[in-house]
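Both backbone and side-chain heavy atoms feed into the values below; hydrogens, waters and symmetry mates do not. Treat the numbers as computed from the prediction; the structure is a model and nothing was measured.
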Amino acid sequence: MNKSFWIILVGAVVALGGIFIVLGGKAEDTASGEFAFVEPLINQQEHDHATGEGKKATIVEYADFQCPYCGTYFPLLDQVKQTYGDDVKVIFRNFPIPSSHPQALAAHRAAEAASRQDKFWEMHDLIFSNQEAWSGNDGAATLFETFAEQLGLNMETYRADVESESVLAKITADTNSGKSLNVKATPTIFLNGEVLETPPTSLEEWDKLINGGGEEQGQE
């Protein structure tokens, strides 16, 4: 075999290796399941719970229903929703921390079950508004059923959904998306894709962020 043959052979191997790397390294759609998130994770997903159109801003909250700080923050965020309407989109994502809040998962299951009957935000509000009544209560799930009845839900359907794997999958998908965004505590709030290291503590502070200067609060 002459020198030219070896040059050609080596060139062919390198070329094939390059093809293998390109094909092997191609990003594949490995997401599976009904609640798979797509990149970028912070953007609204098809299965997110959202209010408003986001004409001025989009807020994403990762929250734990039993977290006392989330409960304390709930009235202010609700005030933001009521004040800005369609100008601000508010997205809620489940991030229960059962190790600290043993009733949290039951609360998130209740909210997701209510969402199957188009009553997510109504259940969300009842759960947060009555946090002291059920937090630390072993009978929390029974109280959530009372909320479901108040909302006029089909109770047979609600009870089935509360225990369903699909509802758990939604909660898990939200939690995993939060972990991918380095969420470690609740509430963690993003404004226009940037995490707020110190969430506003008044409507006036929110107004400053929504109407300009929000990037100053973003993660560096």
Is any side-chain heavy atom of [X] closer than 4.5 Å to a side-chain heavy atom of [Y]?
X	Y	result
Phe144	Tyr158	yes
Leu151	Leu126	yes
Val60	Ile189	no
Lys89	Thr51	no
Pro200	Tyr73	yes
Pro187	Tyr69	yes
Val162	Val167	no
Ile97	Cys67	no

Practice task
Evaluate the side-chain contact (heavy atoms from CB on, under 4.5 Å) criterion for residues Glu149 and Leu153: first the C-alpha distance (whole Å), next the side-chain angles of each, then the deciding distance (0.1 Å), finally the verdict.
Solution key: CA-CA 6 Å; Glu149 291 172 348; Leu153 302 186; over 6 Å; no
Say whether, by atom type as modelled, one donor and one acceptor occur between the side chain of [X] and the main chain of [Y] under 3.5 angstrom.
X	Y	result
Glu53	Asp86	no
Glu205	Thr201	yes
Thr83	Val80	no
Asn211	Asp207	yes
Asp48	Ala50	no
Asp64	Thr186	no
Asn192	Thr58	yes

Spacing of [X] atom [atom1] and [Y] atom [atom2] [to the nearest 0.5 Å]:
X	Y	atom1	atom2	value
Leu77	Leu203	CG	CG	11.0 Å
Gln82	Asp78	CD	CG	5.0 Å
Gln117	Met155	CD	CE	8.5 Å
Arg93	Ile171	CZ	CD1	14.5 Å
His49	Ile91	NE2	CD1	11.0 Å
Leu209	Leu196	CG	CG	6.5 Å

Exercise for the section: List the steps, then state whether side-chain hydrogen bond (donor to acceptor under 3.5 Å, both in side chains) holds for Arg116 with Ser166. Expected result: CA-CA 11 Å; Arg116 301 297 179 89; Ser166 182; 2.9 Å; yes
Handout entry: Stepwise side-chain contact (heavy atoms from CB on, under 4.5 Å) check, Phe95 with Val183
Key = CA-CA 9 Å; Phe95 202 85; Val183 173; 3.8 Å; yes
Practice task
For the residue pair Phe128 and Phe92, categorise the inter-ring angle as parallel (less than 30°), tilted (30 to 60°) or perpendicular (more than 60°).
Solution key: perpendicular
Closest non-hydrogen atom pair between [X] and [Y], with its separation:
X	Y	answer
Ala111	Met123	CA-CG, 3.7 Å
His108	Pro96	CD2-CB, 3.5 Å
Ala57	Leu191	CB-CD1, 3.8 Å

Practice task
Begin from the C-alpha positions of Ile210 and Tyr84 and carry the test side-chain contact (heavy atoms from CB on, under 4.5 Å) through to its verdict.
Solution key: CA-CA 9 Å; Ile210 291 169; Tyr84 293 96; 3.6 Å; yes
Practice task
Examine the side chains of Ser177 and Tyr62 and answer whether a donor and an acceptor come within less than 3.5 Å of each other.
Solution key: yes
Handout entry: Any pair counted as side-chain hydrogen bond (donor to acceptor under 3.5 Å, both in side chains), so long as it reaches residues 122-147, sequence neighbours left out
Key = Gln66-Ser135, Glu145-Arg159
Exercise for the section: Using the salt bridge (charged side-chain N to carboxylate O under 4.0 Å, His left out) rule, collect all pairs that involve residues 101-114, keeping only residues at least two apart or in two chains. Expected result: Glu112-Lys170
